[in-house]
Amino acid sequence: MLVLERQVTVSELMKIERNTFFDDMMKCVVDVGRGLIAVNAELHADLESYLLDQGSDQKDLYGINILDDGEIEYDSLINPPRNREAGFPRAGRYVADPAAREKIEKVVERWLIR
């Protein structure tokens, strides 16, 4: 697990650390408040915990997957509480709030060259 400290390409992201968990995607948690992305864990919850330990606010954390073609999947088990807070109680794991997805996209654009 690590927090990106420089811009990377999608191919660099897929091998950012020696041991990665998936061949075709990278699990990430985006902190939309601080503009950070934590990457490379088996579970989004592990990345969420990592960011919380580093001072992130839970309300700002969203789980995503970045696929090896650069596509973003807004799907994670850590997202339902954010959906409920945003007024989308039945949205499940997908980030239902368009404003939140826009914030996530801006943070991803800052750190990932696609």
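Positions are given from 1 along the sequence. The shown structure was predicted, so the numbers you read here are calculated from the model rather than taken from an experiment.
- In this structure, CZ on Arg114 lies 6.0 Å from CD on Glu109, to the nearest 0.5 angstrom.
- Put simply, the side chain of Glu48 reaches to within 4.5 Å of the side chain of Gln58, judged on heavy atoms.
- Remark: Asp24 pairs with Phe22, Asp68 by the side chain to side chain contact (heavy atoms under 4.5 Å, CB included) rule, at least two apart or across chains.
- Chaining together hydrophobic side chains whose heavy atoms lie under 4.5 Å apart places Ile104 alongside Leu2, Leu4, Val8, Val10, Leu13, Met14, Ile16, Met26, Val30, Val32, Ile37, Val39, Tyr62, Ile64, Ile66, Ile72, Tyr74, Tyr94, Val95, Val107, Val108, Trp111, Leu112.
- The NZ atom of Lys27 sits 8.5 Å away from the CG atom of Asp75 when rounded to the nearest 0.5 Å.
- Remark: Leu77 engages Arg93 in a side chain to side chain contact (heavy atoms under 4.5 Å, CB included) (not counting sequence neighbours).
- Under the 4.5 Å side-chain criterion, counting only non-hydrogen atoms from C-beta, Glu71 is not in contact with Met25.
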What's the verdict on salt bridge (charged side-chain N to carboxylate O under 4.0 Å, His left out) for Lys106 and Glu102, showing C-alpha distance, side-chain angles and the deciding distance? CA-CA 6 Å; Lys106 285 182 181 181; Glu102 186 176 317; 3.7 Å; yes
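- Contact record, Arg82 with Lys59: CD-O, 3.3 Å, taken as the closest heavy-atom pair.
- Clustering ILVMFWY residues whenever any of their side-chain heavy atoms sit less than 4.5 angstrom apart, transitively, puts Leu36 in a cluster other than the one holding Leu43.
- In this structure Glu42 satisfies the side-chain hydrogen bond (donor to acceptor under 3.5 Å, both in side chains) test with no other residue, sequence neighbours excluded.
- Between Pro80 and Gly92 the shortest heavy-atom distance is CG-O, 3.4 Å.
- In this structure a side-chain-to-backbone donor-acceptor pair under 3.5 Å is missing from Asn40 to Met1.
- Taken to the nearest 0.5 Å, the CG atom of Asp69 stands 12.5 Å off from the OG atom of Ser11.
- The side chain to side chain contact (heavy atoms under 4.5 Å, CB included) search around Ser56 returns Asp31, Arg34, Leu51, Leu61, not counting sequence neighbours.
- Taking both residues in full, the closest heavy atoms of Asp46 and Ala41 are given as CB-CB, 4.0 Å, listed atom of the first, atom of the second, then distance.
- Heavy atoms of other residues, nucleotides or ligands lying less than 6.0 angstrom from CG of Asp23 number 12 at most.
- Taking all atoms of both residues into account, the shortest heavy-atom contact from Ala86 to Asp97 is CB-OD2, 3.7 Å.
- The CG atom of Asp57 sits 8.5 Å away from the CG atom of Leu52 when rounded to the nearest 0.5 Å.
- Every residue was checked against the side chain to side chain contact (heavy atoms under 4.5 Å, CB included) condition with Lys15, not counting sequence neighbours, and none meets it.
- When only modelled atom types and interatomic distance are considered, His44 and Asn65 share a side-chain donor-acceptor pair under 3.5 Å.
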